[in-house]
**Student:** 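Before I ask anything, let me first share the structure, which is written out below as structure tokens.
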Amino acid sequence: MPQQSFSPQALAYWRSMRGLRVDELAQAVGVTERAVQHWEAGTHVPAGRAFGKLLRALGCDAQDLFAGERGRETLGDLRRDAGLSAAEACRAIARKDGGAAFRPERRKLRELERGQAVRNRMWGTPEGAGQLVRLLAQVYGVPERVVMDAWRRTRPADVVPVLPQRVVKKEAPAAQQQVWDALNGRQRTYLTCIFQQDQEAEEDQRHRRRLGGAGRRAVEWRRMDLALYAPPELVGHTRIQSLLRQAGVHDPGAGSSVAALERRGLVMTYRDRVHVQGLGEVRRTRVELTRHGRAVTRQALGVVREKGPPSPLMSRWLWRILVRVALAGSEGVDGSLAGRGPHFLAVGRSPGGKSPSRGFIELRHPDGAGHGPYRWFVTESGLRHILDHRDSYRELYPDVDAGQIAQSRRETSGRPQRA
């Protein structure tokens with residue numbers, strides 16, 4: 001499958017945007033002026049280390065210099081986007097835990113990227129391929145799902161890589177209970193109320209996403225208002241203060257109890273000022289649960305944490321959207337597909353502005369139509385994902401029926417995926 005094509009026009013545009021002459025860009029990248037001239041003329045393409053330096057010099061993303069769309073990346077594209085030559089990528093793999101066992105070499109990596117047979121047994125087994133997917137994700141700085149999707153685009157005839165199960169180091173329940181038992185009653189009340197507000201904020205974010213709204217970064221919503229230092233009759237009580245009052249704590253501030261929780265590594269506090277209508281700048285204390293604090297409180301209160309699907313599987317919400325589009329076949333789904341699903345699934349999108357979408361659906365005219373409304377169709381990559389993991393999804397989400405999706409990729413997608 002061909003890689004995305006380098007755009008000489010985009011390079012010239014970004015060089016102009018940064019106010020750089022050809023010789024200045026060449027010096028920044030460490031190449032000759034003639035090399036830059038060749039790049040902008042389209043006769044040569046920057047690769048490997050030079051490409052990484054070029055991105056840093058221009059201050060742009062790799063996608064800005066290529067004509068391809070996000071969600072169609074191959075394994076070679078991911079390495080290129082990371083600014084690594086094949087040799088550099090192999091050296092980086094060898095430095096990772098377990099990487100040396102693969103005996104990474106430039107020749108093997110290039111064979112992998114070309115869809116050719118790799119002359120090494122570990123590279124060809126499902127388990128070995130899964131370990132390599134994880135290593136490549138670490139080296140290229142992208143989520144494992146991105147590498148898995150690129151792997152299946154690059155090597156569609158291969159067996160599906162099996163990602164190794166993650167070993168999550170969990171604090172022993174007895175140790176968590178011991179931390180809880182060491183707190184006095186007031187400290188437990190504070191921690192419980194902070195945890196309750198943390199969970200309410202988390203559920204609010206899930207609800208926003210289900211309704212198609214734009215979620216906020218966790219670093220923003222996990223920092224919650226604890227206290228505003230102004231008369232309550234003017235600013236009211238924060239949500240945490242209201243919960244504390246319901247629990248019988250009627251002087252909720254940010255004093256010794258919160259300080260004790262912070263010393264134990266259960267919460268973190270932040271102090272700043274916020275503008276309040278009619279009062280001007282008012283001092284504020286915000287609080288955030290640490291992972292340790294969340295785990296201790298969950299254990300003490302008996303709250304079971306919902307587990308997300310293992311990589312590269314998707315949430316029920318996204319799986320339902322993909323199945324709906326795939327079942328529509330050559331008819332497609334109305335182009336006004338609601339919500340943020342397309343941000344995570346559609347070709348050309350990027351939910352976080354960095355990692356590409358899955359590239360499982362695309363918005364286009366129906367086959368044979370050169371005008372009229374656009375509709376959503378499943379891509380070859382999306383259908384392959386369905387067929388690869390349908391049994392696993394059936395166990396995860398038995399209420400979402402994907403059993404009627406045709407085995408024929410051409411029949412379901414309406415046409416083969418563009419490279």
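Any value given below was found using the heavy atoms of this structure, including those in side chains, with hydrogens, waters and symmetry copies removed.
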**Student:** Is the Lys NZ or Arg CZ of Arg294 less than 6.0 Å from the centre of Phe195's six-membered ring, within 45° of the axis?
**Tutor:** no
**Student:** Does a side-chain N-to-carboxylate-O contact under 4.0 Å join Glu73 and Arg79?
**Tutor:** no
**Student:** Would a distance-only check, ignoring hydrogens and angles, find a side-chain to backbone donor-acceptor pair under 3.5 Å from Thr269 to Val287?
**Tutor:** no
**Student:** Can you pull the salt bridge (charged side-chain N to carboxylate O under 4.0 Å, His left out) pairs that have at least one residue in residues 232-244, sequence neighbours excluded?
**Tutor:** Glu200-Arg239
**Student:** For Ala402, does its backbone N or O pair with a side-chain atom of Arg390 as donor and acceptor, under 3.5 Å?
**Tutor:** yes
**Student:** Once rounded to the nearest 0.5 Å, what's the spacing between atom CG of Leu289 and atom CZ of Arg223?
**Tutor:** 13.0 Å
**Student:** Rounded to the nearest 0.5 Å, how far does CG of Leu109 lie from CG of Leu112?
**Tutor:** 6.0 Å
**Student:** So do Leu183 and Leu191 actually touch side chain to side chain, heavy atoms under 4.5 Å?
**Tutor:** yes
**Student:** Atom CZ of Arg264 and atom CH2 of Trp180: how far apart are they, to the nearest 0.5 Å?
**Tutor:** 12.0 Å
**Student:** Does Glu88 reach the main-chain N or O of Ser85 with its side chain, forming a donor-acceptor pair under 3.5 Å?
**Tutor:** yes
**Student:** Tell me if a side-chain donor or acceptor on Tyr393 pairs with a main-chain N or O of Met314 at a distance below 3.5 Å.
**Tutor:** yes
**Student:** Tell me yes or no: between the side chains of Ser311 and Arg145, is some donor less than 3.5 Å from an acceptor?
**Tutor:** no
**Student:** My understanding is that only one of Trp319, Phe360, Trp317 makes a ring pair (Phe, Tyr, Trp, His ring centres under 6.0 Å) with Phe344; could you say which?
**Tutor:** Trp317
**Student:** Is Arg152 close to Val160 at the side-chain level, that is, under 4.5 Å between some pair of heavy atoms?
**Tutor:** yes
**Student:** Salt bridge or not for Arg320 and Asp399, using N-O below 4.0 Å?
**Tutor:** yes
**Student:** Can you see whether Ser392 engages Arg394 through a side-chain donor-acceptor pair at a distance of less than 3.5 angstrom?
**Tutor:** no
**Student:** I'd like to know if the side chain of Thr74 reaches the main chain of Thr154, judged simply by a donor and an acceptor atom lying under 3.5 Å from each other, with no hydrogens or angles considered.
**Tutor:** no
**Student:** Check whether Tyr270 forms a cation-pi arrangement with Arg286 (NZ or CZ under 6.0 Å from the six-membered ring centre, at most 45° off the ring normal).
**Tutor:** no
**Student:** Strictly distance-based, threshold 3.5 Å: is any side-chain N or O of Lys108 a donor or acceptor partner for the main-chain N or O of Arg103?
**Tutor:** yes
**Student:** Can you give me every donor-acceptor pair (side chain of residues 121-129, partner residue at least two apart or in another chain, under 3.5 Å) with its distance?
**Tutor:**
unit_1	atom_1	unit_2	atom_2	d
Trp123	NE1	Phe102	O	2.9
Thr125	OG1	Gly128	N	2.9

**Student:** Hey, could you give me the CZ/CD1 distance between Arg245 and Ile240, rounded to the nearest 0.5 Å?
**Tutor:** 14.5 Å
**Student:** So that I can tick it off, tell me whether Arg375 and Glu331 are bridged by a salt bridge, with the cut-off set at under 4.0 angstrom between side-chain N and carboxylate O.
**Tutor:** no
**Student:** Going by atom types only, do Arg186 and Ser257 share a side-chain donor-acceptor pair under 3.5 Å?
**Tutor:** yes
